[in-house]
Structure formats: structure tokens, C-alpha cells
Amino acid sequence: MKSNQSFNEKVYALLRKVPKGKVTTYKALAEALGTKAYRAVGQAMRCNPYAPKVPCHRVVASDGTVGGFSGSRNPKSREVKRKIKILRSEGVKVHNNTIVDFKKEYFLNF
DNA sequence: GCTTTGACTCTCG
DNA sequence: TCGAGAGCCAAAG
């Protein structure tokens with residue numbers, strides 16, 4: 001299998017598979033790709049060339065905490081806050097930077 | 001082509 | 001229960 005698309009693009013593809021109102025984790029994405037590059041997935045989000053197509057806000061930590069990137073460290077950015085707002089709009093309940101019923105909304109069946 | 005970093009995760013103390 | 005360290009892979013310099 002040749003990697004025609006870059007690793008990040010694969011992540012975007014999987015992330016795009018995530019239905020609306022559901023969330024996933026970096027681990028799930030990495031595992032789905034057949035690798036353990038959890039961090040590589042995050043890096044793809046960091047670039048996030050496909051902003052609307054790649055809902056990085058739907059990606060959370062394995063613990064279900066949204067914090068982990070520019071949010072906990074930069075509360076002033078409150079960028080995460082906006083993402084949380086979107087998640088709530090999608091139907092995902094988020095409280096205290098954490099996904100409510102995370103396991104319930106956890107989507108790993110790509 | 002090697003080194004550094006990174007929006008992570010897991011295990012040990 | 002919380003904190004620190006190691007491991008893993010990939011992209012960028």
C-alpha cells in the first residue's frame with residue numbers, strides 16, 4: 001500500500017467520517033490509520049489546512065477532556081471555548097472542558 | 001539525512 | 001489520586 005496521501009490527509013479523511021454530534025480521540029484516529037502516532041495526528045490538527053472539513057473540535061483526548069492544546073495553556077485564546085460551543089451545538093454536551101458522556105459520544109467505528 | 005519538536009498516551013512512583 | 005517520565009510515530013527545520 002503506497003501512501004499517496006500524507007499522513008495528515010488520512011487523519012482528515014477519518015475525521016471527516018466522524019458523524020455529526022460525535023467525538024473521537026487522537027488514539028482512535030491513529031489506531032484507525034494502523035499506527036501509534038497519536039502525536040502525529042495532533043500535529044495534523046495543528047496545521048489543519050481543512051478547517052471546516054476537519055473539525056478538530058470533534059477530536060478530544062483519550063480521557064474525553066477537550067483540554068490538551070491551545071486552551072488549557074492559553075485560556076485567553078478561548079479558542080477551545082468556541083469549539084465547545086460548536087460541539088454543544090452539534091449535540092455533544094461539554095462541561096468544564098470535558099465531554100459529557102464521552103464514552104457514549106465516543107466514535108471509533110470508522 | 002539527522003535532529004528537534006509535538007493539539008498524545010501509558011506506566012510507574 | 002496526582003505527578004513525572006518514557007515511548008511511540010511523523011512532519012518540519
Side-chain angles (χ1 to χ4, degrees):
Chain A
M1 181 80 82
K2 295 257 299 189
S3 304
N4 289 343
Q5 298 179 321
S6 298
F7 189 86
N8 64 11
E9 292 195 20
K10 291 185 189 172
V11 178
Y12 307 141
L14 287 172
L15 197 55
R16 201 154 28 100
K17 285 186 181 180
V18 179
K20 181 176 162 190
K22 291 265 183 176
V23 294
T24 185
T25 65
Y26 300 97
K27 188 177 189 258
L29 289 166
E31 292 274 303
L33 293 173
T35 183
K36 294 165 212 152
Y38 315 116
R39 318 184 95 202
V41 178
Q43 274 186 122
M45 303 291 112
R46 184 173 171 276
C47 283
N48 199 13
Y50 306 87
K53 290 192 171 186
V54 182
C56 39
H57 54 263
R58 274 189 208 158
V59 186
V60 296
S62 60
D63 295 275
T65 43
V66 181
F69 46 91
S70 311
S72 304
R73 297 177 69 180
N74 294 332
K76 290 165 76 175
S77 299
R78 60 186 184 274
E79 289 284 309
V80 177
K81 284 267 204 170
R82 188 171 63 193
K83 293 175 183 179
I84 290 172
K85 189 178 179 183
I86 298 171
L87 283 168
R88 295 181 106 190
S89 192
E90 298 274 304
V92 181
K93 308 294 191 301
V94 183
H95 183 59
N96 195 8
N97 289 356
T98 310
I99 306 294
V100 181
D101 294 324
F102 165 63
K103 294 181 85 175
K104 192 171 156 180
E105 305 296 330
Y106 188 18
F107 180 85
L108 40 79
N109 189 31
F110 292 101

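None of these values were measured; they are calculated from a predicted model. In the text below, chain A, chain B and the rest are named by the order of the sequence lines, each starting its count at 1.
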Would you find a donor on one side and an acceptor on the other, under 3.5 Å apart, between the side chain of A:T98 and the backbone of A:N96?
-> yes
With sequence neighbours left out, what residues match A:F102 under ring pair (Phe, Tyr, Trp, His ring centres under 6.0 Å)?
-> A:Y106
A:Y50-A:Y12 aromatic ring centre distance below 6.0 Å = yes
Name all residues meeting the ring pair (Phe, Tyr, Trp, His ring centres under 6.0 Å) criterion together with A:F7; count only those two or more places apart in sequence or in a different chain, and write none if there are none.
-> none
So, does A:T25 use its side chain to make a donor-acceptor pair with the main chain of A:A28 at under 3.5 Å?
-> yes
Closer than 4.0 Å, any side-chain N/O of A:S6 to the OP1 or OP2 of C:dA10?
-> no
B/S/- contact track for nucleotides 1-6 of chain B, protein heavy atom under 4.0 Å | -----B
Spacing of A:N8 atom CG relative to C:dA12 atom P, expressed in whole Å | 7 Å
For A:A61, answer base if it contacts any base atom (sugar-phosphate contacts may also be present), sugar-phosphate if it contacts only those atoms, and nothing otherwise; contact means non-hydrogen atoms under 4.0 Å.
-> sugar-phosphate
State whether A:T35 places a side-chain N or O below 4.0 Å from either non-bridging phosphate oxygen (OP1 or OP2) of C:dC9.
-> no
Taken to the nearest whole Å, CD/A:E9 to P/C:dA10 is 15 Å
Please list all pairs passing the salt bridge (charged side-chain N to carboxylate O under 4.0 Å, His left out) test where one or both residues lie in residues 20-45 of chain A, with sequence neighbours left out.
-> none
Over how many whole Å does the gap from A:Y12 atom OH to B:dA7 atom P extend?
-> 14 Å
Nearest-Å distance for atom pair CZ/C1', residues A:F7 and C:dC9 = 7 Å
Considering only heavy atoms, which members of residues 98-107 of chain A lie under 4.0 Å from some atom of DNA chain B?
-> none
Name each donor-acceptor pair under 3.5 Å that joins a side chain in residues 55-62 of chain A to protein atoms two or more places apart or in another chain, with its distance.
unit_1: A:R58; atom_1: NH1; unit_2: A:V18; atom_2: O; d: 3.1
unit_1: A:R58; atom_1: NH2; unit_2: A:E90; atom_2: OE1; d: 2.8

Short side-chain N/O contact from A:K10 to OP1 or OP2 of C:dA10, under 4.0 Å | no
Whole angstrom is fine here: how far is it from NZ in A:K36 over to C1' in B:dC8?
-> 14 Å
What residues form a side chain to side chain contact (heavy atoms under 4.5 Å, CB included) with A:K85, not counting sequence neighbours?
-> none
Between atom OH in A:Y38 and atom P in B:dC10, what is the gap in whole Å?
-> 6 Å
